Student: 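Next up is a structure, given as structure tokens.
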Number of protein chains: 4
Amino acid sequence: MAVKRNTESRKQPSQERSKKMVEKILKATREVLLKDGVDGLSTRKIAAQAGISTGSLYQYFPNKLAVVKAIYSACLEDVISDLEVLVDIPPMSIGEFMETLDTRLDRFYTPEKYSESSPDRAFELELFKAMNIFKELREIDEQHERNVVNVLANGLAKVFVDQSPDNLLRVSTYLYGIHTAFDEILVAGICESAPLLIPHKKAMVAVIQTLE
Amino acid sequence: MAVKRNTESRKQPSQERSKKMVEKILKATREVLLKDGVDGLSTRKIAAQAGISTGSLYQYFPNKLAVVKAIYSACLEDVISDLEVLVDIPPMSIGEFMETLDTRLDRFYTPEKYSESSPDRAFELELFKAMNIFKELREIDEQHERNVVNVLANGLAKVFVDQSPDNLLRVSTYLYGIHTAFDEILVAGICESAPLLIPHKKAMVAVIQTLE
Amino acid sequence: MAVKRNTESRKQPSQERSKKMVEKILKATREVLLKDGVDGLSTRKIAAQAGISTGSLYQYFPNKLAVVKAIYSACLEDVISDLEVLVDIPPMSIGEFMETLDTRLDRFYTPEKYSESSPDRAFELELFKAMNIFKELREIDEQHERNVVNVLANGLAKVFVDQSPDNLLRVSTYLYGIHTAFDEILVAGICESAPLLIPHKKAMVAVIQTLE
Amino acid sequence: MAVKRNTESRKQPSQERSKKMVEKILKATREVLLKDGVDGLSTRKIAAQAGISTGSLYQYFPNKLAVVKAIYSACLEDVISDLEVLVDIPPMSIGEFMETLDTRLDRFYTPEKYSESSPDRAFELELFKAMNIFKELREIDEQHERNVVNVLANGLAKVFVDQSPDNLLRVSTYLYGIHTAFDEILVAGICESAPLLIPHKKAMVAVIQTLE
DNA sequence: CATGAATGAGGGTTCATTCAT
DNA sequence: GATGAATGAACCCTCATTCAT
């Protein structure tokens, strides 16, 4: 790719028409990504898939990277909003929390979510991995990591009020790390999700227990 | 990239001179990878960084992919040989094993190994992630994953003799997953290794306990 | 060269503009071929000669071979359509045919056609010879040879009804061979056409007489 | 290729050793040419086939073209010496000559020579055609053509003493042209030689009769 | 706004030729 | 002399980006 200029959207999709175009482009990009992978992604293919001209693409995005960035950011937002289920913790004691932890994890790691890792998830992971090659996307990724970890840490802080922020951040970081690892294993299709949920939850619990 | 030919080294570095050249090329490649990412890796840059001509590069490697493969494979071999410490389990009962597990993990996760995640390790992880986009390297990666998991499973089988191979493989897969996650966090420099070792070991233990 | 993909024109020159571009490229290719030979033909030179960019060339042809193919095919078509004059034989007896053969050959080998072997013809012959090294063009050439010979044989079959197809094909092959030789001599400029027409026609007649 | 410098042999093979080396190189080149064609010919392959180093090749030939030139010239000399059979005409009248012409042609076009177009002949023709792509070899070819035609014309001059040199040259040129065409047909394997000899000889005779 | 032809730098790779050993 | 590693120009081709229409 080797893109240099600003990578922001060239215009706010203030008009309905524009919004639709942006959507169309993003959708097409996702499709091309799924079909041909990151190194098979080209503006020509995106435009063709979207049924527009390459020139039009540049009316809505300053360059190719911006398109991928948009997709990537949206994907990361999904992850954040997904996590908020875990994080929405009403005030409770550590004891109460630990007692309900299992249920809580069950609610988060529903079999449905993992039983059939939908193409969507497969795509997200694909994208996620692929992003490693674009240096410019690293900062987004790092910011995202920080966001996620903060969200988790804030949630845990409501329960483990005596823990230092450092500790909470550390544990959150680790939790997110093994969560991602779990995701990757499932998406890679190495193991089925159901039997793997047990060790995963045990690991999560064990890690959180270090905060007690 | 899309390379088709054989991607083995073009000649055995039988002579001292050749060996040095290969080293020089691999070193240069690592440097370019670190600086410009996979996306920015080109044979021209490698040659420039190594202070040789592009033609010379092709005297030692049949194509670009082969260079990356060489680096990648070496990196994976390191991982395997590293793991063998964990795997060398003398016959013992589950009880004995669980008792010594903590010591065992301490021996594996020595602070020295992680205290200063050397630039080398940082690079390896970079590479590791990046490889996801090259289909031909995926095979290597998947084979590696299988190797690692088998090594682990075989080790655990000596202790958990009653467990089904499936179960052992599953747990091993997961263990390797969170091991990698732990690695990545440390290499990314998000957390220091020492305090993170505690939750990580707890997680490992918890997962292994599911085999009891 | 060694080109693999499809070697057809990338787009129908439906628009006037495209047609002009294709023409420009073909013209430039002819010029480069005449100046530097097949050996010196490169996409860069073609583009430079045509006053376009290398990229543009690939908008109209999928690869270098396709450009040469286009020129070559056009050249072969000319040959075929040229021959149709000879082939348009109304039903007649062998005696009648042999009597009119000389006239017939006169009509085919008009002095105008050969008096000024235009640069175009010179080029075509150049190309014709040169093509022998490109395997993919050989097929075209062989197919062309078969077409020409069939056309001739079918023509002769109308007169020499008792001859075996084998014989007709053999004689046609030979006739085409010496026709080409005649062409080459004239194009090479070794001899003037007018005086050479006499032995050539004698040879043609003598060969055809073997069918009587 | 694109070779520019002098294309003469770098040294006279004064010493026995040198002569052997030159032979070895030429033999290897022929083998590579037969196997991989002109566009597959490289100094590396020649050296490998000859069992020497590329450097050594340049001790005996200034560049790649010189090697091909050497082979080509040798090949052309063979053609000349072959023709001398036809040309060695004792003084005789036109009548005598025409009477013996058929025998003469029989002696030249022996079935053995053509029945099994030996690999050698196949190679020569291959080379012959291939040379069309090397502008530098054209002059050799043209000189050769002139030589051959002169040889023929001189031979015919002994019989057709009243003919103008121009006429003799013209007829010789044409005779050589159709001779070459005949050769090509046989080498291409389109027709078997035996039945084709009849029309070919008829054509030769018819052409020579124009001198009467 | 939309188009898509045109651009041209840059990609991977080859190979004739040289030169230190 | 012989070697073969090293060179680097040149090869064919792609693709992000621009701009005249």
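Lettering follows sequence order; numbering is per chain, from 1. In this text, all values refer to a predicted model and were calculated from it rather than measured experimentally.
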Student: Base, sugar-phosphate alone, or nothing: which one does Arg17(D) contact when heavy atoms must sit under 4.0 Å apart?
Tutor: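 Sugar-phosphate only.
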Student: Quick check on dG4(E): is either OP1 or OP2 less than 4.0 Å from any side-chain nitrogen or oxygen of Thr54(A)?
Tutor: no
Student: Could you give the CG-to-P distance, from Asp39(D) to dC15(E), as a whole number of Å?
Tutor: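 Checked: the CG to P distance equals 10 Å.
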Student: Once you round it to whole Å, what is the distance between C1' of dC13(F) and NZ of Lys45(C)?
Tutor: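 Atom-to-atom, Lys45(C) to dC13(F), this comes out as 18 Å.
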Student: Kindly compute the distance separating OG1 (Thr29(A)) from CG (Leu34(A)), expressed to the nearest 0.5 Å.
Tutor: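 If I round to the nearest 0.5 Å, the distance is 11.5 Å.
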Student: About how many Å separate CG of Leu76(A) and CD1 of Ile71(A), when rounded to the nearest 0.5 Å?
Tutor: 11.5 Å
Student: Would you mind reading off the distance between Ile46(D) atom CD1 and dT17(E) atom P, rounded to a whole angstrom?
Tutor: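 Computing the Ile46(D):CD1 to dT17(E):P distance gives 10 Å.
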Student: Atom CG of Asp36(A) to atom P of dT14(F): distance rounded to whole Å?
Tutor: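 Distance check: Asp36(A) CG to dT14(F) P gives 15 Å.
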Student: Considering Watson-Crick and G-U wobble pairs with both distances under 3.5 Å, what does dC15(F) pair with?
Tutor: dG8(E)
Student: Taking CG from Leu65(B) and C1' from dG12(E), how many angstroms apart are they, rounded to a whole number?
Tutor: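 Rounded to whole Å, this separation is 12 Å.
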Student: With nearest nucleotides of DNA chain F determined for Gly40(C) and Ser56(C) from heavy-atom distances, which residue corresponds to the more 5′ nucleotide?
Tutor: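 Result: Gly40(C).
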Student: Contact between Ile52(C) and Met21(C) at the side-chain level, heavy atoms closer than 4.5 Å - yes or no?
Tutor: yes
Student: Between Glu23(C) and Lys27(C), is there a salt bridge with N-O shorter than 4.0 Å?
Tutor: no
Student: Heavy atoms under 4.0 Å, any strand shown: does Leu41(B) hit a base, just sugar-phosphate, or nothing?
Tutor: sugar-phosphate
Student: Which sits closer to the 5' end of DNA chain F, Gly55(C) or Arg44(C), going by the nucleotide each is nearest to?
Tutor: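 Between the two, 5'-proximity favours Arg44(C).
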Student: Just how far, in rounded Å, is C1' of dC1(E) from CD1 of Ile25(A)?
Tutor: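 Distance, rounded to whole Å: 13 Å.
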Student: Considering every strand shown, what is the Watson-Crick or G-U wobble mate of dA20(E) when both distances are under 3.5 Å?
Tutor: dT3(F)
Student: Whole-Å distance between dA6(F) P and Lys20(B) NZ?
Tutor: 12 Å
Student: With a 4.0 Å limit, can you tell me whether Tyr58(A) has a side-chain N or O closer than that to the phosphate oxygens OP1/OP2 of dT17(F)?
Tutor: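 Indeed, a polar side-chain atom of Tyr58(A) lies that close.
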Student: Check every atom of dA6(F), dT7(E), dA2(E) against the side chain of Ile52(C) and return the nucleotide holding the closest atom.
Tutor: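 Minimum distance to the Ile52(C) side chain belongs to dT7(E).
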Student: Lys69(A) side chain to Lys64(A) main-chain N or O, any donor-acceptor pair under 3.5 Å?
Tutor: no
Student: Is the closest side-chain heavy-atom distance between Leu137(B) and Leu65(B) below 4.5 Å?
Tutor: yes
Student: What is the nucleic acid contact for Thr43(D), judged by heavy atoms within less than 4.0 Å: base, sugar-phosphate only, or nothing?
Tutor: base
Student: dC15(E), dA2(E), dA5(E): which one has an atom nearest the side-chain heavy atoms of Gln59(C)?
Tutor: dA5(E)
Student: Between atom CG in Leu57(D) and atom P in dT17(E), what is the gap in whole Å?
Tutor: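 After rounding, the gap between these two atoms is 10 Å.
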Student: For dG8(E), does either OP1 or OP2 sit under 4.0 Å from a side-chain N or O belonging to Ser53(C)?
Tutor: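 Looking at the OP1 and OP2 atoms of dG8(E), neither is under 4.0 Å from any side-chain N or O of Ser53(C).
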Student: Under 4.0 angstrom, heavy atoms only, what part of the nucleic acid is Ser42(B) near: base, sugar-phosphate, or nothing?
Tutor: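 Answer is sugar-phosphate: Ser42(B) comes under 4.0 Å of backbone atoms only.
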